[in-house]
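Here is the structure we will look at, set down as structure tokens.
Every value quoted in this text rests on a predicted model; they were computed, and no experiment measured them. Numbers restart at 1 for each chain; the letters A, B, ... are given by sequence-line order, proteins then strands.
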Amino acid sequence: MTEGLDRQGRFAVVVVYNGLKRELQVEPHESMASVTERAISLFEVSEQRHLLALFDTNNREFTDLSESAAQAGLHAGEVLVLRQSQVRGG
Amino acid sequence: VIRVAQEHVGQSLDMFLACGRRESECVNYWLADQDATDVCQVVHPTHSGSRGGYAVDGGWLNGFFLDLAERGLRAVAQIHTHPGAELRHSWIDDEFVLVPSPNFVSIVVPDFGQGGPHPETWSVQVLTAAGLWVPDPGAVRWM
């Protein structure tokens, strides 16, 4: 079996949001829209959450939500940051 | 209820004056241990600023959240300045908050923070689970 994958081919990533860390099991063929939605659901977030997005540790945003997790390059043990795509005030 | 010491309030005001120079908005974040509500540190993000607003650098945000996780901390409040006496959140303040989670606190300080440490003249708002901001002066205990 490939390292980090279970019998169904799933693997775990770590999602960080405001200093909190949660593990998320990901299916390689799962869309990034689904991964993002499930990542948000790991944390207590208010209803207006459409601006939250996933980023890798190099600050690359996963913008193509139609891609699969495998196409997006997610891998076992990867750390993802869940944050607002923009933070500003006025 | 978050509790903040005068020392941390003073640090924020000092940063507002040094960074905003009485002519542009500035923002700070107040940190606490993940299981606590006492403010233990003030952070000044990398951001742009103008008389009409501010924008925090995305790369800084990424590193900030990762650093918080390393250190077992979380942001419990944001505090930012407005140019005049207006204390209400703009729609941008509402939408683009650092942490869109229930009970996150947002404090608005008027006049670019030139008025000194007088929290009674500031606005304190709290985000609800429904995504609404509601005034709640009791959400911060000034120590």
Side-chain angles (χ1 to χ4, degrees), chain A residues 11-26 32-33 35-65 67 69 72-90, chain B residues 25-27 29 31-34 45 47-76 78-83 89-104 106 108 127-133:
Chain A
F11 58 90
V13 298
V14 175
V15 182
V16 172
Y17 170 73
N18 191 24
L20 301 172
K21 289 191 279 193
R22 300 279 187 272
E23 190 175 287
L24 181 68
Q25 293 289 330
V26 173
M32 286 305 294
V35 173
T36 303
E37 188 63 27
R38 292 197 305 111
I40 293 170
S41 299
L42 295 172
F43 303 94
E44 195 177 6
V45 174
S46 296
E47 284 184 18
Q48 292 180 9
R49 57 192 205 180
H50 55 282
L51 297 170
L52 285 170
L54 286 173
F55 295 75
D56 68 14
T57 55
N58 293 316
N59 195 36
R60 180 176 68 97
E61 182 175 358
F62 294 94
T63 53
D64 186 351
L65 299 183
E67 274 189 332
L74 294 196
H75 55 81
E78 181 158 9
V79 175
L80 303 174
V81 176
L82 178 67
R83 66 170 177 84
Q84 297 268 71
S85 53
Q86 297 178 53
V87 173
R88 55 194 180 103
Chain B
E25 293 194 14
C26 181
V27 61
Y29 299 122
L31 311 185
D33 288 341
Q34 284 178 4
H47 69 91
S48 61
S50 69
R51 185 170 180 83
Y54 69 86
V56 179
D57 179 77
W60 183 90
L61 285 171
N62 241 51
F64 177 54
F65 272 14
L66 291 167
D67 183 58
L68 291 176
E70 283 283 316
R71 300 167 61 207
L73 301 174
R74 64 185 174 124
V76 292
Q78 66 176 34
I79 176 168
H80 82 281
T81 58
H82 275 182
H89 260 200
S90 66
W91 72 269
I92 295 173
D93 294 332
D94 285 350
E95 286 283 311
F96 298 99
V97 64
L98 174 70
V99 179
S101 289
N103 300 315
F104 190 71
S106 176
V108 177
L127 188 59
T128 69
L132 301 174
W133 287 97

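Looking at B/Ser48, there are no atoms closer than 4.5 Å to chain A (heavy atoms on both sides), in backbone or side chain. Residue B/Val97 touches chain A through both its backbone and its side chain, counting heavy-atom pairs closer than 4.5 Å. At a 4.5 Å heavy-atom cutoff, A/Ser85 makes no contact with chain B through either its backbone or its side chain.
Ring pair B/His80/B/His82 is perpendicular by interplanar angle, where above 60° counts as perpendicular and below 30° as parallel. Between B/Phe104 and B/Trp133, the ring planes lie perpendicular to each other; the angle is over 60°, past the 30° to 60° tilted range.
The residue among A/Asp56, A/Asn59, A/Val79 with the most heavy atom pairs within less than 4.5 Å of chain B is A/Asn59. The residue among B/Asp67, B/Leu61, B/Leu31, B/Asn103 with the most heavy atom pairs within less than 4.5 Å of chain A is B/Leu61. Ranked by non-hydrogen atom pairs under 4.5 Å with chain B, the options A/Glu44, A/Gln86, A/Arg83 are led by A/Arg83. In terms of heavy-atom pairs under 4.5 angstrom with chain A, the leader among B/Ser90, B/Pro102, B/Ser106 is B/Pro102. Between chain A and the options B/Ser101, B/Gly52, B/Gly53, the largest number of non-hydrogen pairs under 4.5 Å is found for B/Ser101.
For the salt bridge (Lys or Arg N to Asp or Glu O under 4.0 Å) test, no residue two or more places apart in sequence or in another chain qualifies with B/Asp57. Taking the salt bridge (Lys or Arg N to Asp or Glu O under 4.0 Å) definition, one finds that B/Arg51 meets it with nothing, sequence neighbours left out.
Looking only at side-chain heavy atoms (C-beta outward), A/Leu52 and B/Pro100 come within less than 4.5 Å of each other.
Note that CZ of A/Arg88 and NE2 of B/His47 are 15.0 Å apart. Values are rounded to the nearest 0.5 Å.
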